[in-house]
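Inspection log for the structure reproduced underneath, given as structure tokens.
Naming: A, B, ... by sequence-line order, numbering from 1 per chain. Computed over heavy atoms, backbone and side chain alike; hydrogens, waters and symmetry mates excluded. Since we're looking at a predicted model, the values are computed, not measured.
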Amino acid sequence: MAEWQRTHTCGELRQTHIGQTVVLNGWVNSYRAYNDQIFVDLRDRYGLTQVVFEADHAELFAAAGDIRNEWVLSVRGKVRERLPGKHNPKLATGDVELVADQLHVLNRCPPPPFEVMSVPLETGLGDPELAGEDVRLQYRYLDLRRPTLHRTLNLRHRLNKVIRDYLDTQGFWEIETPLLGRSTPEGARDYLVPSRLWRDEKTGRPHWYALPQSPQLYKQLLMVGGYDKYFQIARCLRDEDLRADRQPEFTQLDLEMSFVEIDDVLAVIEGLLAEIFHKCIGQTISLPLPRLSYAEAMRKYGSDKPDLRIVGMEIIDISEWAGSTEFRVFKEVVAGGGKVRALNMKGAAQKFTRKQLDDLTPFVQQFGAKGAAWIKVETDKFVSPIEKFLPASTQQELRKHVEAENGDLLVIVADKEEVICQALGHLRTHYAEYAGLCDYSWGNFQAAWIVDFPSFIWDEEEKRWAANHHPFTAPRDEDLSLLESNPAKVRAKAYDLVINGYEAGGGSIRIHNPEVQSRMFAVLGMSPEQARQRFGFLLDALKYGAPPHGGIALGLDRLTMILSGTTNIRDAIAFPKNQKARDLMTGAPAAVDPKQLRELGL
RNA sequence: GGGGGCGUAGCUCAAUUGGUUAGAGUACCGGACUGUCGAUCCGGUGGUUGCGGGUUCGAGUCCCGUCGCCCUCGCCA
């Protein structure tokens, strides 16, 4: 071992080490210089240790005077107990300090573009004056030194390990699938990779691989291949616009099982989740998770990924009541086939000023609604701009129907059903915290399954039915007969895992019957020839004895984000891209050498 | 592609109604200091107010354009 190499980490030294000569390696977190002594806090992945340089060691002391933040040091010295009253309870190593007798500067560091220095996690003070995210992304290797990111990536490591260990005990095999595949239509935009060896004979242009949006097709083929319990921690790529919880490349736990129905898949994932919560963050979750139908989620929460941390803020259909009132706006919407629904914010009436109530209308207009009516419910009356249209008996009926109590605030939107869901759903999440009807503190995890999704949604642009999940998702057996006659009513054997308002995963039971698969393509307006051209290999495979099968994929970046308590997916990824899909550190995407392009025929 | 927010010192921010030489904290440089620990105290360096144009006696501030970053709608089976 080289003399500069560490014998201990910076989070390790305790009173039991007093008197020992040790070597620490690490980065300078901060330094405090006096006439006759210099304190340096040395930081590594494991913690922070105070190093003291004393003036009686003249040469060493002079060298230590040059030390600046983020230098990489090796310090040898003797561990000693701190002076009485000088112990630092904020540090795990705060009872001791290292008195230096030898210093190796392993590397210097210019003043960094932003301050990395961080107070230890155990102080709970967090990172002071965190620099802007774009600067931190440009110097990601510096940002990664912060203990917060160390902690998140450690959590992510444990998540991966727990998944592998648990699924192994359940008999799953981890199998890799190709990154270079064939572009298939439907779904997200592909990232394409040109082939150097193959090109189109007519145009001379290269043929293309597509990077996987998910290993969907391969995992179904593995089922046909007899690998009845498969999983993979797989990178997926989609060339679509980004969000706070979406990256162009992301990681999924991809999983598939044969000879199963919905309950079998959900049971495996519930077992895995319990293990994850227990082993990654020391929490217990109660099983089984609640299941909500898509229809119910939309009706009560206006969303297929409701945040169930919000309580006392449900949407209630009041169409029947509204249609019978003398208020023209309501009557006309109901007569025209629309709906009227109210969001009841329990006990929130007094929190909203007149201005804030007036601002509800522009808020819902973002989602296509014409306006929002509000009612402050008081013991003996309604306070509302539409109060004059509602005689006392009518008010009484509404009060009873929505179970309104003194102090509740009702927000009413009359429109097409989708518009109401959008408007009131967003209203619910947007105002929950202000209305005091949610607990967003870390540790409150509300998970649920959303089931019974519709198989199809109408694509207005293309004037055809489109697969809501994907075209291989099996319809519920009892809905098969509606496939041709009433596609809108067909429910899929699909399920989403929703945690705290995020879609953490989703999957389905697949179609294993070629005849059903053909009918499915027909509904989607795809001719047998088209289907054959696009998915021929899968259709062939289904013919050659495909077992009934189904699976799920969990978004591990999102899961890490949720478990670590951040709302930014970039905080859960070591080297993320920004909102325009750029890597600010490497500068990707970038132009390439024309020679490379010529080789590819581009 | 649409909507919103932001852009001032290396970093985090301030700057009254459009009005004097654009300030502070931190980092950096120099000095002081016998135990600090997000050290403290004194002094100093540091600015094309993202960029371009316009209005005005006068623009960090108002207008137009443009670039960048964030949030969001569309999009993401």
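Spacing between atom NZ of A:Lys577 and atom C1' of B:C70 amounts to 18 Å, rounded to whole angstrom units. Atom CZ of A:Phe367 and atom C1' of B:C71 are 12 Å apart (whole Å). Summarising the geometry, the separation between CD on A:Gln37 and C1' on B:C37 is reported as 12 Å, rounded to the nearest angstrom. Per the geometry, CZ belonging to A:Phe114 stands 11 Å off C1' belonging to B:G10, to the nearest Å.
Residue contacts for A:Arg243: at a heavy-atom cut-off of 4.0 Å it reaches a base atom on one of the strands shown. Using a 4.0 Å heavy-atom criterion, one finds that A:Tyr31 contacts the sugar-phosphate atoms exclusively. A:Asn88 comes within 4.0 angstrom of a nucleotide base, judged by non-hydrogen atoms across all strands. Backbone-only engagement by A:Arg570 is indicated by non-hydrogen atom pairs under 4.0 Å involving sugar-phosphate atoms exclusively. Residue A:Ala466 is out of contact with every strand shown, counting any heavy-atom pair closer than 4.0 Å. Nucleic acid contact for A:Gln366: none, since no nucleic acid atom lies under 4.0 Å from a heavy atom of the residue. A:His430 comes within contact range of no nucleotide atom at all, as no heavy-atom separation falls under 4.0 Å. When heavy atoms are screened at a 4.0 angstrom cut-off, A:Asp241 is found touching base atoms of the nucleic acid.
OP1 or OP2 of B:C29 has at least one side-chain nitrogen or oxygen of A:Arg68 nearer than 4.0 Å. Taking side-chain N and O atoms only, A:Gln422 has no distance below 4.0 Å to OP1 or OP2 of B:U72. At the phosphate of B:C71, OP1 or OP2 sits under 4.0 Å from a side-chain N or O atom of A:Gln579. Considering only side-chain N and O atoms, A:Ser30 lies nowhere under 4.0 angstrom from the phosphate OP1 or OP2 of B:C37.
Look at A:Arg309 and A:Asp307 and you find a salt bridge, because one of the NZ, NE, NH1 or NH2 atoms lies within 4.0 Å of a carboxylate O, short of that distance.
In this structure, the nucleotide among B:C33, B:C75, B:C11 sitting nearest to the side chain of A:Tyr34 is B:C33. For A:Asp134, taking side-chain heavy atoms from C-beta onward, the closest of the listed nucleotides B:G10, B:C76, B:C69 is B:C69.
Looking at A:Gln365, its side chain has no donor and acceptor atom pair within 3.5 Å of the base of B:G3. One N or O donor and one acceptor, one from the side chain of A:Arg80 and one from the base of B:G35, sit under 3.5 Å apart.
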